[in-house]
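Computed from heavy atoms alone, side chains included, the values below leave out hydrogens, waters and symmetry copies.
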Amino acid sequence: MAIEAPPSSPSFFSPWPERLRHSAVVLLVAGLALSTLVVVDELSPLRAAMVFACIAAAALVPWRLHHAAASREDVRGVNPVETAAVSAVVAGMPDPAVLLDRAGRVIHLNAAAAQMAPALRKNELAQFALRSPEIITALREAIATTEPRRANYLDHVPVDRWMELTITPVPVPTLFGGVDKCMLMTFHDQTPLRRVEEMRADFVANASHELRTPLAALLGFIETLQGTAKDDVAAREKFLSIMQAQATRMARLIDDLLSLSRIELNAHLRPDKQVDLVAILRQVADGLQTLARDRDVAVVTSAPSGPLLVLGDRDELIRVFENLVENALKYAASGKRVDIALALGEAASGKPEARVAVRDHGPGIAPEHLPRLTERFYRVDVSESRAQGGTGLGLALVKHILNRHGGRLTIESVLGQGATFTAHLPIAGSGRGSEAG
């Protein structure tokens, strides 16, 4: 160990006035006490002077060696793994990361880990906060064997996410010069990859099922036009018109399937931009005026005079309300009227929400159909839906978009009195302000 060199004369004597100032009270009390003993003849003046000199020397001597030794003891008392540098490394990791000691207690965690598992606390056991059986099993095995472990699990809160956990033993120095092993837990979100796999499988299954009918029709018409109706002008015009309708239906079906897959792929990502529902509803109502006139249906819109803000994706919300209003215009045109009403309400949790109700005055929907209306390709009347150009995916799109926005869809209907489809969306902040989306 290096020994400090003695200070030079100027640096040794220069702090004496400062030391004298700090020791003045001690020296004053000692002087008064010794003077009293001399006055009462309990102590000779010579001895009193010697004692005072000793006290003064003790008060004025610089105890630099003592302070340096104490400082070094303080440094040695800090666990190397608890230093700010280790904390900064863990905090800088892009994925959720938690550093544990051999007992499983949290030493450091970054912001992503705290957001993923709010119950995690420093100096507390991670098993109490991470209750997934796969996590606990992998952590116990890693602690017992000090070997790396991996685990995959499904996290259901706040939305379904597939996560991959990696536990890596990390050798760290101890206070006494040895080496111990901590456990570094990192979490990687596998949801996008899983969503892509599911999207591919769903697309193949749905496309093969729904595209079979129009493809068969197209092939039949093509064979007819190449054969018996080869020179029949009237039949050719008729078949070409039907073929165009079938091709258009296939294109619409593929577009809806791709849209649904994209929404499901990002279902775990909440939109963070503020959009104005009042402006969106006005745009939807204006865009569907041509269809309303063709169906001889009046569209009546009721909304607040000022903006009403929610956190959302503007294009997706436009898709929601276009689907709801377009369905009302197509399947309930006999009512001759569609009402669109935007109002504030209160969710079951007590938080404010925006409610957009699209009501038609058509024939209504039987109660047994209501629970299944948002299923893919579910239709109350298959022939009517296909005649109207429907794909059977409109309400499924609506449900998934609203779920991604933290909202929900409710459906109410009475036979002969129409149906009401209500989209519920949480308010952004106070719900007032200018549009930012």
Side-chain angles (χ1 to χ4, degrees), residues 157-159 263 266-289 291-292 297-329 331-332 335 337-362 364-365 370-371 373-374 394-414 417-437:
V157 179
V159 294
I263 294 166
N266 298 318
H268 62 293
L269 301 175
R270 289 284 177 84
D272 56 2
K273 292 184 178 180
Q274 291 188 354
V275 294
D276 180 15
L277 281 183
V278 176
I280 288 176
L281 290 179
R282 287 174 181 165
Q283 178 178 337
V284 170
D286 292 341
L288 293 174
Q289 282 299 325
L291 179 61
V297 177
V299 178
V300 180
T301 303
S302 171
S305 57
L308 184 58
L309 301 183
V310 298
L311 294 179
D313 183 300
R314 183 183 182 87
D315 292 336
E316 289 186 359
L317 291 178
I318 288 176
R319 186 74 176 269
V320 165
F321 300 120
E322 280 182 344
N323 281 355
L324 293 178
V325 177
E326 190 172 344
N327 281 351
L329 292 173
Y331 303 114
R337 175 175 171 175
V338 171
D339 297 322
I340 307 173
L342 170 60
L344 281 172
E346 187 174 284
S349 61
K351 296 182 179 180
E353 66 176 11
R355 296 176 180 173
V356 181
V358 178
R359 182 187 177 189
D360 63 68
H361 299 267
I365 304 169
L370 296 181
L373 285 179
T374 56
L395 290 180
L397 280 167
V398 169
K399 182 185 73 172
H400 282 81
I401 292 174
L402 291 178
N403 287 345
R404 182 181 175 235
H405 286 69
R408 68 189 195 282
L409 176 70
T410 58
I411 306 172
E412 300 174 351
S413 181
V414 177
Q417 299 181 24
T420 302
F421 294 78
T422 305
H424 304 254
L425 289 164
I427 295 295
S430 63
R432 300 287 171 185
S434 60
E435 181 181 4

N-O pairing of R337 and D339 below 4.0 Å: yes
E316 bridged to R404 by N-O distance under 4.0 Å: yes
Contacts of Q283 that satisfy side-chain contact (heavy atoms from CB on, under 4.5 Å) - sequence neighbours left out: R314, I318
For V358 against A328, the heavy-atom pair lying closest together: CG1-CB, 4.3 Å
Shortest non-hydrogen contact between V275 and G312, atoms and distance: CG1-O, 3.6 Å
[atom1] of [X] to [atom2] of [Y]: how many Å apart, nearest 0.5 Å?
| X | Y | atom1 | atom2 | answer |
| --- | --- | --- | --- | --- |
| L308 | I427 | CG | CD1 | 4.5 Å |
| R319 | L324 | CZ | CG | 12.0 Å |
| Q417 | I365 | CD | CD1 | 13.5 Å |
| I280 | L317 | CD1 | CG | 5.0 Å |
| L342 | F321 | CG | CZ | 8.0 Å |
| L291 | L329 | CG | CG | 5.0 Å |

Quick one, [X] and [Y] - any side-chain contact, counting heavy atoms below 4.5 Å?
| X | Y | result |
| --- | --- | --- |
| I340 | V300 | no |
| L311 | D272 | no |
| V310 | D276 | no |
| L373 | I411 | yes |
| V398 | T374 | no |

Flag for D313-H405: side-chain donor and acceptor within less than 3.5 Å: no
When the side chains of residues 418-426 are checked against the rest of the protein, which donor-acceptor pairs come out under 3.5 Å, sequence neighbours left out?
{"from": "H424", "atom 1": "ND1", "to": "E353", "atom 2": "OE2", "distance (Å)": "3.0"}
{"from": "H424", "atom 1": "NE2", "to": "T410", "atom 2": "OG1", "distance (Å)": "3.0"}

Test side chain to side chain contact (heavy atoms under 4.5 Å, CB included) applied to V299 and L288, step by step: CA-CA 9 Å; V299 178; L288 293 174; over 6 Å; no
Derivation and outcome, side chain to side chain contact (heavy atoms under 4.5 Å, CB included), residues R408 and L402: CA-CA 5 Å; R408 68 189 195 282; L402 291 178; 5.8 Å; no
